[in-house]
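Only one structure is covered here, and it is reproduced in the block below.
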Amino acid sequence: MQNDFPKPTTHFKVIAFVDNLFPNTVFSVFIMKSISVGLSRHCSAVGGGISRGRAFSYGFTRKRIQTQLSFHHLITTSYGFKSCSATLSVVEVEGKPKFDVDKTALLVKELRESFNSGRTKSYEWRISQLKSIEKMIDENEKEITEALHKDLSKPELEAFIAEISQTKSSCKLALKELSHWMIPEEVKTSLTTYPSSAEIVSEPLGVVLVISTWNFPFLLSLDPVIGAISAGNSVVLKPSEIAPATSLLLSSLVEEYLDNSAIRVVEGAVDETTALLEQKWDKILYTGSARVGRIVMAAAAKHLTPVTLELGGKCPAVVDSNINLQVAVRRIIAGKWACNNGQACIGVDYIITTKEFAPKLIDSIRYELEQFFGKDPMESKDISRIVSSSHFARLIKLLDEDKVSDKVVLGGQRDENRLKIAPTILLDVPEDSQIMQEEIFGPLMPILTVENLKDSFEVIKSKSKPLAAYLFTNDEQLKKDFVQNISSGGMLINDTILHVAADGLPFGGVGESGMGSYHGKFSFDAFSHKKAVLYRSFDGDTSVRYPPYTPKRVRLMKALISGNIISIILALIGW
């Protein structure tokens, strides 16, 4: 069924640069509502070139001005102006965007009507949509890879493994297991309700909203949508405007492949997200920063809407000395610089090791980085770039802080025009420095040293609970102590990030790193209500539960509730 959302007669491309992922950062927005912006595809400062991409498009009533301006476009940030080659076609517009709160309310109303019709609840509909997603990925793998490269310069293999393959795996698992997930779960009943039977029925919540993020813009958009569809919901996906090429592609593909009477994509930035959050949803899943997570949760609270928040945090990696150092270092690099160049919520944020072992660890990281990315990692095609000028400036500010800049022991090179920062290691930065106070989300890696490795526990516990925590050791007691004493959303011993690929494990945070979880069966559960159902017949009715409450009935009822057979027998015979 085609999307009946009215098509804008004229598209005006407006790029919104929104720093919506990190606490303690300026929330800079450059929204040009009075002009149409046509950026050249070679503009690397925003999304790596967006010849097909856009942050969002509106339909306006307009008057055209016969003026063409060619100049360096200016990106508003708290650090000044960043520039790249661009051509702007200026068009005067009148009126405001068609996609406002009223338009959003109409969209939600249409999706709720579709849900209430019962179409999304059937097994056949769910399976048909999951198969369509699988087909969509298979037929558009090249386009998906290209969009990810435009947005993040993500290497082809990394895009396939981390995004395309992971999404396909989620889809295949849902197709294979959905019939089992939908079967009601039988539950034992008590003597109090005898004779009876009981079950837990998984029912869809209704109309749900998925707000995605930019660092894994394909996977983290479709993975929760697969869960929402599997559970039988109508769903709206709001991709990140900071990954405009992927956002545009998702909008186009969903409209082409899926049932638009129940599944929609809304592109946009702050205005669109605000309009969406004004509505009453039956569930919201948001992936991003704790700061924006608070905004989402506050909006949801107005309607008592349940939320799943996937937020992030400072994910530590504790490294012991009794390990296979080469394997450990390669896995740390895979969980940092080979994982979106550190721009990942589960990526290693900092390392803790002993003072004695630190030099050996740094030398090994230096050697393996060269094996991975060459002598000049700035020229490597196997490492992603920084997503935007504002995030580049934020990272440079962390790196150039007075008490941090002299702690660099490896890397530190930067290229503002190409939005590239080399893999960088810093040794023993102060705990009160900004780089240790906020999630880094980039290629900078502080290494903290302690006298005894168990001292690392206090370092970790002094910060907010992370989304993931990693330990490299062969000490079995240290493993047990780490699992028992460190609270984190997920945990992995002797590797990084791979725990998210295990279908049987939930993915989610704790404390400031998030609430709720999804992945595999947990995705189905996240978008389902577990309805308790008790069945009884008209047989076995007894007067003991009804007034008048005679002493004998009181004794018998107390005995029944206690479940003590001897007490029940004694009460029945009047003792």
Heavy-atom check, side chain of [X] versus side chain of [Y], under 4.5 Å:
| X | Y | value |
| --- | --- | --- |
| Ile226 | Ser523 | no |
| Ile383 | Pro423 | yes |
| Ile263 | Val254 | yes |
| Glu156 | His149 | no |
| Phe373 | Ile333 | yes |
| Glu241 | Val270 | no |
| Ser488 | Tyr470 | no |
| Phe218 | Gln166 | no |

Fill in: Donor on one side chain, acceptor on other, Ser221 and Ser212, under 3.5 Å
yes
Rounded to the nearest 0.5 Å, what's the gap from [atom1] on [X] to [atom2] on [Y]? Could you check?
| X | Y | atom1 | atom2 | result |
| --- | --- | --- | --- | --- |
| Glu458 | Ile352 | CD | CD1 | 10.5 Å |
| Asp349 | Met436 | CG | CE | 7.0 Å |
| Ile332 | Ile497 | CD1 | CD1 | 12.0 Å |
| Leu157 | Thr145 | CG | OG1 | 10.0 Å |
| Leu325 | Ile365 | CG | CD1 | 8.5 Å |
| Leu130 | Leu258 | CG | CG | 9.5 Å |

Heavy-atom donor-acceptor pair, [X] side chain to [Y] backbone, under 3.5 Å:
| X | Y | value |
| --- | --- | --- |
| Ser513 | Val510 | yes |
| Asn474 | Asn322 | yes |
| Thr353 | Ala358 | no |
| Lys454 | Leu478 | no |
| Ser456 | Leu453 | yes |
| Asp151 | Ala245 | yes |
| Lys521 | Ala174 | no |
| Lys479 | Leu471 | no |
| Thr424 | Gly412 | yes |
| Glu310 | Leu467 | no |

Could you work out, with side-chain hydrogen bond (donor to acceptor under 3.5 Å, both in side chains) as the rule, every residue matching [X], not counting sequence neighbours?
| X | answer |
| --- | --- |
| Asp402 | none |
| Tyr257 | Glu139, Asn140 |
| Lys465 | none |

Can you name the closest pair of heavy atoms from [X] and [Y] and give their distance?
| X | Y | result |
| --- | --- | --- |
| Asn215 | Asn340 | O-ND2, 2.8 Å |
| Ala328 | Phe472 | CB-CD2, 3.7 Å |
| Leu222 | Met136 | CD1-CE, 3.6 Å |
| Leu219 | Glu163 | N-OE1, 2.9 Å |
| Val307 | Lys283 | C-CE, 3.7 Å |
| Lys375 | Glu370 | NZ-OE2, 2.8 Å |

Practice prompt. Apply the test side chain to side chain donor-acceptor pair (under 3.5 Å) to residues Ser247 and Glu267: give CA-CA distance (whole Å), side-chain angles for both, the deciding distance (0.1 Å), then the verdict.
Written response: CA-CA 7 Å; Ser247 176; Glu267 292 190 88; 2.9 Å; yes
Tell me whether [X] at atom [atom1] has more than 12 heavy atoms from other residues, nucleotides or ligands lying less than 6.0 Å away.
| X | atom1 | result |
| --- | --- | --- |
| Lys461 | NZ | yes |
| Met297 | CE | no |
| Gln371 | CD | yes |
| Lys403 | NZ | yes |

Item to complete: Given side-chain contact (heavy atoms from CB on, under 4.5 Å), test Ile295 with Tyr286 step by step and report yes or no.
Response: CA-CA 11 Å; Ile295 297 171; Tyr286 166 75; over 6 Å; no
Discussion item. Salt bridge or not between Arg294 and Glu512? Use side-chain N to carboxylate O under 4.0 Å.
Written reply: yes
Fill in: Ionic contact status for Arg331 with Asp495, cut-off 4.0 Å
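Looking at Arg331 together with Asp495, the answer is yes, because their closest N to O distance falls below 4.0 Å.
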Worksheet entry | Pair Cys345-Leu311, side-chain contact (heavy atoms from CB on, under 4.5 Å): steps then yes or no | CA-CA 7 Å; Cys345 55; Leu311 304 179; over 6 Å; no
Fill in: salt bridge (Lys or Arg N to Asp or Glu O under 4.0 Å) partner of Glu438, chosen from Lys314, Lys463, Arg394, Arg291
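So the option named by the test is Arg394.
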Item to complete: Could you walk me through whether Arg366 and Asp363 pass the salt bridge (Lys or Arg N to Asp or Glu O under 4.0 Å) test, one step at a time?
Response: CA-CA 5 Å; Arg366 178 185 288 108; Asp363 286 343; 2.9 Å; yes
Fill in: Mutual orientation of the aromatic rings belonging to His391 and Trp214 [parallel < 30°, tilted 30-60°, perpendicular > 60°]
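If you compare the ring of His391 with that of Trp214, the planes turn out tilted.
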Worksheet item: Are Asp475 and Asp481 close enough, and set up right, to give a side-chain contact (heavy atoms from CB on, under 4.5 Å), and what steps lead you there?
Response: CA-CA 10 Å; Asp475 186 329; Asp481 292 343; over 6 Å; no
Discussion item. One pair to check against side-chain contact (heavy atoms from CB on, under 4.5 Å): Val318 and Ile486. What are the steps and the verdict?
Written reply: CA-CA 11 Å; Val318 178; Ile486 299 301; over 6 Å; no
Worksheet item: Knowing that exactly one of Leu220, Ile144, Ile137, Asp223 qualifies, which makes a side-chain contact (heavy atoms from CB on, under 4.5 Å) with Thr167?
Response: Ile137
